[in-house]
Amino acid sequence: MEIIEKIQNQVTELLKDQFELELLSNQVVINKTRRDVAGDLTLVMFPFVKQLKKSPQEIGDIFSQRLSTTISEIKAIEIAGGFLNISLSDEYWNKVLKDLYHNPSFGTFPKNGKKILVEFSSPNTNKPLHLGHIRNILLGWSTSKISEAAGYKVIKTQIINDRGIAICKSMLAWQLFGEGKTPDSSNIKGDHFVGSFYVAFETHFKNEYNDWQNSAEAKNIFESESKENESYEAFLKRFKNEYFNRFSALGNQAKTMLQAWENDDPDIKALWKQMNSWVYDGFNTTYEALGVNFDALYYESDTYKLGKDIIENGLQDEVFYKKEDGSVWIDLESKKLDHKLVLRSDGTSVYMTQDIGTAQLRYKDHGVDSMIYVVADEQDYHFKVLFEILKELKEPYTDGLHHLSYGMVDLPTGKMKSREGTVVDADDLIKEVIDEARTGASDRGVLESISIEEREDIYRKIGLGALKFFILKVNPKKRMIFDPKDSVDMQGQTGPYIQNAVVRIESILRKLSDWDESLYFSYSSPLQIEKDLVKSLNEYPSEVLKAAEDKDPSIIASFAYELAKDFHKFYHDVRILKAESHSAKAYRVVLCTSIKNTLTKAMDLLGIEMPERM
RNA sequence: GGUCUCGUAGCUCAGCUGGAUAGAGCAGCUCACUUCUAAUGAGCAGGCCCCAGGUUCGAAUCCUGGCGGGAUCACCA
C-alpha cells in the first residue's frame, strides 16, 4: 500500500534531517493496528528510543507533528506507549472502496511474461485416487490459479506412472481371473475395476506365499538365510519381497509380463493400453468431479528412458563418476547431501534419471521460467538431490525449481494403510460430502422452489466447497488430520460459511430496487465495521501475491474466512436495504457487491464455486 | 544412529521476515429468528504457546541443547 511507503519515507527523511540518522525506509516498522485499538496503521517506535535517546512520548510528538502536516490522508495520530497509532481519513477509505469497486480485475495482476509449470496429481495407473491425491490435486490446482492471478502464465501438468510391475500385476490378475469382464460389462468405474484386479493379485499372491510357508523349500531357506535368533514369523515378513522375486509363480509371471512389455510384445502392449484406458476414463471422471484439468500430460512410458544421454554428457564433464561395476554416481557431500546413484550397473535408469530427463524435456517443450512439483514431503530428499544435480549440470532453469512439499494426510485413527483397508477413496469421499450437503439442505427446506437439477448443482457446490476448504485451509507444509465428520461440517470455519456470505449478498441484490449507485460516494461517515470491511478488501491483492510467493493457498482461505466473518457480523448488525439514508444504502450495496466479488474470486483461487442460493 | 520436519485451548487449526492483553472454529454451557437466508450473530468457559538455556528494550516467533511425533537415509517409485 502506497500510504505505508509515504509514511516510511517521511520518517526516514525526518530522522535524516533532524538527527542525521540514516535508515532504509523498510527499517521503519509499520503494522496493521490491532482490532481493539483506534487506528489503521501502527508505527513501532521502540527501535528509535535507544538510537535517539528520547522517550517514546517525545519521539511520538516529533513524528506525529511531521506526519500530520505532510500526509493529507492522515486524520489522527495517537501515541500509546511505544506505538504510534495512525488513523486515516474517511475520504481515504471511501476512495479505496471506490477504486476497487470499479476495478473489474481487482486482485488479478497483469501478465508478467513469466511461465510456470505446475506438476500435480501424478497417479499410478493400478488403483483409484484416494484422499492423499485429493490434497495433492487441490494444492496443485489452487497454486496454479493463484499463480495465474499473480500474473504468471501457468501450464498444469502431471506425469502419469503408467508402466512398471504394479500395472503388470493388475494385467496379470485380469488375464487369470477376469473372465473377459470390462468396466462396462460389470458396471464398475474403470479405475476401480483395474484396482480390484490389483487387489486380486495381492490376495492370490498372499495365499500362494502362505502355502509356500509350509513347504520343505521354505524351511530350508529359513535354515540357511535367516538371521541369528530370528523367528520364523519375522523372517517371513522380511522375506516376502524376495519370495516374490525368487520363488513365486505369480511373481514370476508378472515379471515376465513386464519384460514382454519392455520388449514391445504386441499382445501385452494391447492389454496394457486397454487397461490403462479404463483407468483414464475413471480418473477423468474424478478430475471432472473435482473441477480440475491439465494442459499437458507426460507418461512415464514415454519418459522412463530419458536422462541417460544427460548422464553420459555429465560423466564427460565430470559431474558424475563411474564405479568399477559400471554404475554411475554423483557426489553431493559438499552440499551436505550424499552420494547418489543415477545409473545402474546394467546401464538402466533409476527414478532420478527419469526426473532429470523429464525436467529437461519440459523445459524444451514449454520454455518455462519456473517448475513447481507438488509432491508429498516424504520425497523432500529426492527433490533436494534432483535440484542439486540439475544445478551441477548447469541447466538454465534451476533458479525456478520448487518442490511444493506438503504433509501427508492422516485419519483420526492414524495413518492410511492400503493393507489395512483404511484408505479413503476419492470418489466415495466426493459422493459423501455432496450427500451431506443434500441432507443438510433438505432439513432447512429453503430450496423447494427451484428445479431438481439446480438443487443438485447447489448441493454439489456446497459439498465440494466444504471438502476443498477443509483441506486447503491448512498450511500445506503441515501434516494434517482428516476427520471425515469434520470435513462435512458446514458451520463455522468452513467453505459453506463463506458461500453463505455470498448467498446472503445475492439475496439482497435480488431484492434491491430504488437505489442510486452514484450516491454511494456522498456517504460521508462510514461505521467502524464498514471501514474494517474496506480495509480487509484492500488487502486482497497483496494476499494473492503472498500466496503466490509462498505457494500457499491457506493464505487465501484465511483471508476469505476473515472477510466472510466480518460480513456476517455486518449483516447482522446493520440494515442494508432499509438503511437510514439513500447514500448509506448505496454505500452498503457497493460494499456488499465488492465483498461478493472478492469472495467469489478468492474462492475461485481455491477451486470453490459459489452458489446463488443455498 | 545421521539428516530434515512438526509440537499453540479437550479436538482441528491461525498467528512465526521479533512488537501492545496469544486468536478462530468445533465440541460444552447461555442467549437472539413475525426481521435483508439462523449454513448466522452475541456471550461464558477453556492456555507453564513441549522443556531448559541464550540473543533482545521486547520471544509463541530468532539461536543452542534436550524431550516427543513424523519423514527419509534402496542399483524401489
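Below, chains carry the letters A, B, ... as their sequence lines are ordered, and counting in each starts from 1. Since the model is a prediction, treat every value here as computed from it, not as a measurement.
A:S87 and A:A38 make their closest contact through OG-C, 4.4 Å (heavy atoms, listed as atom of the first residue, atom of the second, distance).
Residue-to-nucleotide proximity on RNA chain B shows that, of A:V350 and A:K578, the 5′-proximal contact is made by A:K578. Between A:I458 and A:E378, it is A:I458 whose nearest contact on RNA chain B lies nearer the 5' terminus.
Remark: B:rA32 base-pairs with B:rU40; criterion is Watson-Crick or G-U wobble with both hydrogen-bond distances under 3.5 Å. B:rC26 is paired with B:rG10 under the Watson-Crick or G-U wobble criterion, all donor-acceptor distances under 3.5 Å. Of all nucleotides present, none satisfies the Watson-Crick or G-U wobble test against B:rU17 with each distance under 3.5 Å. Nucleotide B:rU3 forms a Watson-Crick or G-U wobble pair with B:rA71, both donor-acceptor distances falling under 3.5 Å. Summarising the base pairing, B:rU61 is matched to no nucleotide, lacking a Watson-Crick or G-U wobble pair whose two defining distances lie under 3.5 Å.
Rounding to whole angstrom units, CG of residue A:L341 and P of B:rC76 are separated by 8 Å. Regarding A:D566, its CG atom lies at a distance of 12 Å from the P atom of B:rA24, rounded to whole Å. Straight-line distance from the CG atom of A:L332 to the C1' atom of B:rC4: 16 Å, rounded to whole Å. In this structure, A:D338 places its CG atom 15 Å from P of B:rG2, rounding to the nearest Å. At whole-Å resolution of the value, CG in A:D377 and C1' in B:rC4 are 10 Å apart. Atom CG of A:L386 and atom P of B:rU72 are 18 Å apart (whole Å). Distance A:E549 CD to B:rU17 P: 14 Å, rounded to the nearest Å. Rounded to whole Å, the distance from NE2 on A:H403 to P on B:rC4 is 17 Å.
The same atom, C1', is picked in B:rC48 and in B:rG7; the two are 15 Å apart, to the nearest Å. Distance check on atom P: B:rA9 versus B:rG23 gives 14 Å, rounded to whole Å. Comparing the C1' positions of B:rC16 and B:rA60 gives a spacing of 8 Å, expressed to the nearest Å. B:rA20 and B:rU61: their C1' atoms are spaced 16 Å apart (whole Å). For B:rC51 and B:rU72, the C1' atoms lie 26 Å apart once the distance is rounded to whole Å. With both ends at atom P, the span from B:rA14 to B:rG25 equals 16 Å, rounded to whole Å. A gap of 13 Å separates the P atoms of B:rC49 and B:rA59, to the nearest Å. For the C1' atoms, the distance from B:rG58 to B:rA22 is 15 Å, rounded to whole Å.
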Give me, pair by pair, the N or O atoms of the protein and of nucleotides 61-65 of chain B that are less than 3.5 Å apart, along with how far apart they are.
none

Contacts under 3.5 Å, N or O only, protein and nucleotides 19-21 of chain B:
{"unit_1": "B:rA20", "atom_1": "O2'", "unit_2": "A:R34", "atom_2": "NH1", "d": "3.2"}
{"unit_1": "B:rA20", "atom_1": "N6", "unit_2": "A:T42", "atom_2": "OG1", "d": "3.0"}
{"unit_1": "B:rA20", "atom_1": "N6", "unit_2": "A:N85", "atom_2": "OD1", "d": "2.8"}
{"unit_1": "B:rA20", "atom_1": "N1", "unit_2": "A:N85", "atom_2": "ND2", "d": "3.3"}

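With sequence neighbours left out, A:K308 forms a salt bridge (Lys or Arg N to Asp or Glu O under 4.0 Å) with no residue at all. Partners of A:D302 under the salt bridge (Lys or Arg N to Asp or Glu O under 4.0 Å) rule, at least two apart in sequence or in another chain, do not exist in this structure.
Contact annotation: A:K50 side-chain N/O to B:rU56 OP1/OP2 distance is not under 4.0 Å. Side-chain N/O atoms of A:K473 include none lying less than 4.0 angstrom from OP1 or OP2 on B:rA24. A sub-4.0 Å separation between OP1 or OP2 of B:rC76 and a side-chain N or O of A:R344 is present.
Across all strands shown, A:D486 has no heavy atoms under 4.0 Å from either base or sugar-phosphate atoms. Residue A:I462 is classed as a base contact, given a heavy-atom separation below 4.0 Å to a base. Across all strands, A:D410 comes closer than 4.0 Å to no nucleic acid atom at all (heavy-atom distances). Residue contacts for A:M408: at a heavy-atom cut-off of 4.0 Å it reaches no nucleic acid atom on any strand shown. Nucleic acid contact class of A:I576 (heavy atoms, under 4.0 Å, all strands): base. A:Q379 comes within 4.0 angstrom of a nucleotide base, judged by non-hydrogen atoms across all strands. Nucleic acid contact for A:K415: sugar-phosphate only, since backbone atoms but no base atoms lie under 4.0 Å from a heavy atom of the residue.
A donor-acceptor pair under 3.5 Å links the side-chain atoms of A:T494 to the main chain of A:Y497, judged by distance alone. With hydrogens and angles disregarded, no donor-acceptor distance shorter than 3.5 Å links the side chain of A:S142 to the backbone of A:L139. With hydrogens and angles disregarded, no donor-acceptor distance shorter than 3.5 Å links the side chain of A:E506 to the backbone of A:V503. Side-chain atoms of A:S442 come within 3.5 Å of backbone N or O of A:R438 as a donor-acceptor pair. Using modelled atom types, no side-chain atom of A:D380 and backbone atom of A:S405 make a donor-acceptor pair closer than 3.5 Å. Between the side chain of A:S349 and the backbone N or O of A:Q354, no donor-acceptor pair lies under 3.5 Å. Remark: the backbone N or O of A:M416 is not paired with any side-chain donor or acceptor of A:T422 at under 3.5 angstrom. A:K127 contributes no side-chain N or O that, together with a main-chain N or O of A:V194, makes up a donor-acceptor pair within less than 3.5 Å.
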**Study point:** Evaluation steps, side chain to side chain donor-acceptor pair (under 3.5 Å), between A:Q379 and A:Y351
**Key:** CA-CA 12 Å; A:Q379 293 195 35; A:Y351 185 44; 3.2 Å; yes
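Taking the centre and axis of the six-membered ring of A:Y298, the NZ or CZ atom of A:R362 falls inside the cone set by 45° and 6.0 Å. Under the 6.0 Å distance and 45° angle rule, A:R163 counts as a cation-pi partner of A:Y304. For the pair A:K169 and A:F244, the distance from NZ or CZ to the six-membered ring centre is under 6.0 Å and the angle to the ring normal is within 45 degrees. A cation-pi arrangement, defined by a distance under 6.0 Å to the six-membered ring centre and an angle within 45 degrees of its axis, is present between A:K323 and A:W329.
Nearest nucleotide to the A:E300 side chain, out of B:rG25, B:rA71, B:rA77: B:rA77.
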A correct 5'-to-3' footprint of nucleotides 40-45 of chain B, with B, S and - meaning base, sugar-phosphate only and no protein heavy atom under 4.0 Å, is SSS---
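Contacts of residues 162-171 of chain A with RNA chain B (heavy atom under 4.0 Å): none.
Ring pair A:Y373/A:F120: centre-to-centre distance not below 6.0 Å.
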